[in-house]
Amino acid sequence: MEAIDTNYAGEGMYREFILDHFKNPRNFGTLENAEIRHREFNPLCGDQVEIFLKLNGDGAIQDVRHTARGCAISVSAMSMLSETLRGLTLREVAGMGKESMLGLLGIPIGPVRIKCALLPFYALKGGIIAYESRK
Ligand code: FES
């Protein structure tokens, strides 16, 4: 698990808003009684993302938290994704593709960083699949 990926930042690869999300991740924390709670980790580096979703009576996402710990791309991707989820139904989230997640970052993501960028996406999808299978 790396504190900050200064090599990439030094190369100017990360835009300022990505570093801002990394340093101040939005919706960071946990949720008591979350209907959906799911953790994904990257076995190559050990970085991990845990996502918590609270649903309203209509099955839409009412609240979201996460405890992303990892590189700048994985944490900022989780932070950005968390800002888009409130009000969405699980069906709408299920329809989201990887390109939606990658588009949030606003920079080209190469093959080395694709696992970082998609870690939050897999946490979200995995949580919903697990939730649906329990129903
Ligand atoms: Fe571990 Fe990016 S280096 S998720």
Side-chain angles (χ1 to χ4, degrees):
M1 194 178 298
E2 50 190 315
I4 184 167
D5 198 338
T6 50
N7 285 336
Y8 278 79
E11 291 169 20
M13 184 175 171
Y14 292 170
R15 295 209 178 129
E16 205 165 305
F17 71 93
I18 290 180
L19 289 174
D20 180 56
H21 276 269
F22 175 60
K23 292 174 186 168
N24 304 292
R26 290 20 163 213
N27 300 303
F28 190 87
T30 62
L31 278 178
E32 290 294 321
N33 304 318
E35 283 85 1
I36 295 175
R37 176 179 180 174
H38 191 76
R39 180 167 41 202
E40 284 288 330
F41 79 105
N42 182 340
L44 299 176
C45 61
D47 292 351
Q48 64 177 23
V49 163
E50 188 166 19
I51 191 166
F52 302 79
L53 299 175
K54 188 91 188 123
L55 306 179
N56 67 19
D58 299 325
I61 296 172
Q62 178 181 311
D63 207 357
V64 54
R65 294 286 188 283
H66 68 89
T67 57
R69 296 186 193 284
C71 66
I73 289 291
S74 65
V75 173
S76 59
M78 184 65 253
S79 175
M80 291 175 191
L81 180 64
S82 75
E83 289 195 306
T84 70
L85 297 177
R86 282 189 186 84
L88 295 182
T89 65
L90 296 187
R91 180 182 291 262
E92 288 171 321
V93 174
M96 283 174 55
K98 294 174 186 173
E99 62 286 345
S100 305
M101 176 74 257
L102 297 176
L104 290 175
L105 289 162
I107 60 170
I109 301 294
V112 173
R113 290 279 149 172
I114 200 84
K115 281 188 185 308
C116 310
L118 292 178
L119 196 60
F121 178 81
Y122 291 131
L124 176 63
K125 294 285 188 164
I128 291 174
I129 289 169
Y131 173 76
E132 298 286 0
S133 71
R134 288 196 307 268
K135 286 201 310 185

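Values below: every heavy atom of this structure, side chains too, minus hydrogens, waters and symmetry copies. Ligands are counted one by one from 1 in listed order, and the atoms in each one are counted from 1 as well. Numbers for residues simply follow the sequence, beginning at 1.
- For ligand 1, the atoms closer than 4.0 angstrom to any heavy atom of Cys71 are 2 (Fe), 3 (S), 4 (S).
- With sequence neighbours left out, His21 forms a ring-ring contact (aromatic ring centres under 6.0 Å, His included) with no residue at all.
- Taking 4.0 Å as the cut-off between side-chain N and carboxylate O, Asp20 and Arg26 count as a salt-bridged pair.
- Among residues two or more places apart in sequence or in another chain, the salt bridge (Lys or Arg N to Asp or Glu O under 4.0 Å) test is passed with Glu35 by Lys54.
- At least one N/O/S atom of Cys45, whether from backbone or side chain, sits less than 2.8 Å from atom 1 (Fe) of ligand 1.
- Residue Asn42 has at least one heavy-atom neighbour below 4.0 Å for each of these atoms of ligand 1: 1 (Fe), 4 (S).
- Residue contact annotation: Ile73 has no non-hydrogen atom under 4.0 Å from ligand 1.
- Put simply, CD1 on Ile128 and CE on Met96 are 8.5 Å apart, with the number rounded to the nearest 0.5 Å.
- Checking Cys116 against atom 2 (Fe) of ligand 1, an N/O/S atom falls under the 2.8 Å cut-off.
- Aromatic ring centroids of His66 and Phe28 lie under 6.0 Å apart.
- Numbered from 1 in the order shown, with element, the atoms of ligand 1 that lie under 4.0 Å from a heavy atom of Asp47 read 1 (Fe), 2 (Fe), 3 (S), 4 (S).
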